[in-house]
Enquirer: 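Dropping the structure in here first, questions after.
On a predicted model such as this, the values are computed, not experimentally measured, just so you know. When a residue number appears, it is its place in the shown sequence, counting from 1.
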Amino acid sequence: MDDRFYMALALEQAEKAEKMDEVPVGAVVLDSAGKIIGHGYNQPVSLSDPTGHAEIQALRMGSAATGNYRISGGTIYTTIEPCIMCMGAIIHARIARLVYGAHDPKWGAAGSLYNFASDKRLNHNLEVVAGVCCNEAREIIRSFFRNKRSGK
């Protein structure tokens, strides 16, 4: 699998969020055969929905495409390390592999703050690949918040 290619698609999703003045996070979900079945970008503000994160949007689309809430053997690409809520959904969906760009030391649940992916108390663990297109993913977030602080 070409992780950089799929992360570039997730970054395109993040740009959609940024254009809507949402925190620019994007995600793409592949099934076990490597076919894209879902994508999403942050929309909690525009949807008035605290679960409107990119990963949740992508998982919902992927589950609808397969007709099953489990995406066994699938891969999710996300521009930033998933939060607690999103990691919970990823684990419930039985995703096999998570690939993310930038670490999230404040909310990250795939190694930075918590490590749900390898918590043996849970009934599903998954492979985590961190830092793919890290600079691009980090910069889109930093730029967004820099612009917010400067009033742009």
Enquirer: Could you report the tightest heavy-atom contact between Met61 and Gly38, atom names first, then the distance?
Expert: SD-CA, 3.6 Å
Enquirer: Just wondering, do Arg4 and Glu136 contact through their side chains at under 4.5 Å, heavy atoms?
Expert: yes
Enquirer: Quick check: does any side chain N or O of Thr66 sit under 3.5 Å from a backbone N or O of Ser63, one acting as donor and the other as acceptor?
Expert: yes
Enquirer: Please list every donor-acceptor pair under 3.5 Å in which a side-chain atom of residues 44-59 meets a protein atom from a residue at least two apart or in another chain.
Expert:
from	atom 1	to	atom 2	distance (Å)
Ser46	OG	Glu22	OE2	2.9
Ser46	OG	Gln43	O	3.4
Asp49	OD1	Thr51	N	2.8
Asp49	OD1	Thr51	OG1	2.7
Asp49	OD2	Thr51	OG1	3.1
Thr51	OG1	Arg60	NH2	3.1
Glu55	OE2	Thr78	OG1	3.1

Enquirer: Kindly compute the distance separating CG (Leu30) from CD1 (Ile76), expressed to the nearest 0.5 Å.
Expert: 10.0 Å
Enquirer: According to a hydrophobic-cluster definition based on side-chain heavy atoms being under 4.5 Å apart (Ile, Leu, Val, Met, Phe, Trp, Tyr only), do Tyr77 and Ile90 belong together?
Expert: no
Enquirer: Supply the atom-to-atom distance Ile84 CD1 to Leu113 CG, rounded to the nearest 0.5 angstrom.
Expert: 6.0 Å
Enquirer: Do Ile140 and Phe144 have side chains that get closer than 4.5 Å, going by heavy atoms?
Expert: no
Enquirer: Can we say Lys106 and Glu81 salt-bridge, meaning some charged N sits less than 4.0 Å from an Asp/Glu carboxylate O?
Expert: no
Enquirer: Do Tyr41 and Glu18 touch side chain to side chain, with heavy atoms closer than 4.5 Å?
Expert: no
Enquirer: Does Arg138 come within less than 4.0 Å of Asp104, counting only side-chain N to carboxylate O?
Expert: no
Enquirer: With a 4.5 Å heavy-atom cut-off, do Ser118 and Asn115 have their side chains touching?
Expert: yes
Enquirer: Closest heavy-atom contact between Leu11 and Ala137?
Expert: CD2-CA, 3.8 Å
Enquirer: Kindly compute the distance separating NZ (Lys19) from CD (Glu15), expressed to the nearest 0.5 Å.
Expert: 6.5 Å
Enquirer: Taking the basic N atoms (NZ, or NE/NH1/NH2) and the acidic carboxylate oxygens, is any pair closer than 4.0 Å for Arg121 and Asp119?
Expert: yes
Enquirer: Calculate, to the nearest 0.5 Å, the distance between atoms CD1 and CD1 belonging to Ile71 and Ile95 respectively.
Expert: 4.5 Å
Enquirer: Give a yes or no answer on whether the side chain of Asn42 reaches the backbone of Ala17 with a donor-acceptor pair at less than 3.5 Å.
Expert: no
Enquirer: Is there a side-chain contact between Ile91 and Leu122 (heavy atoms, below 4.5 Å)?
Expert: yes
Enquirer: What are the two closest non-hydrogen atoms of Ser72 and Ser32, and how far apart are they?
Expert: O-CB, 3.7 Å
Enquirer: Specify the closest pair of heavy atoms between Val99 and Met7, including all atoms of both residues, with the distance to one decimal.
Expert: O-CE, 3.6 Å
Enquirer: What's the shortest heavy-atom distance between Tyr6 and Val28, and which atoms?
Expert: O-CG2, 4.2 Å
Enquirer: With side chains defined as the heavy atoms from C-beta onward, is the minimum distance between Glu127 and Leu98 less than 4.5 Å?
Expert: no
Enquirer: For residues Val128 and Ala117, report the shortest heavy-atom separation together with the two atoms involved.
Expert: CG2-CB, 3.4 Å
Enquirer: With rounding to the nearest 0.5 Å, note down the distance linking CH2 in Trp107 to SG in Cys86.
Expert: 11.0 Å
Enquirer: For the atom pair OG1 (Thr75) and CG (Leu126), what is the distance rounded to the nearest 0.5 Å?
Expert: 9.5 Å
Enquirer: Students often mix this up, so state it plainly: with edges at 30° and 60°, are the rings of His103 and Tyr100 parallel, tilted or perpendicular?
Expert: perpendicular
Enquirer: Tell me whether the count of non-hydrogen atoms from other residues, nucleotides or ligands lying under 6.0 Å of NE2 in His124 goes above 12.
Expert: yes
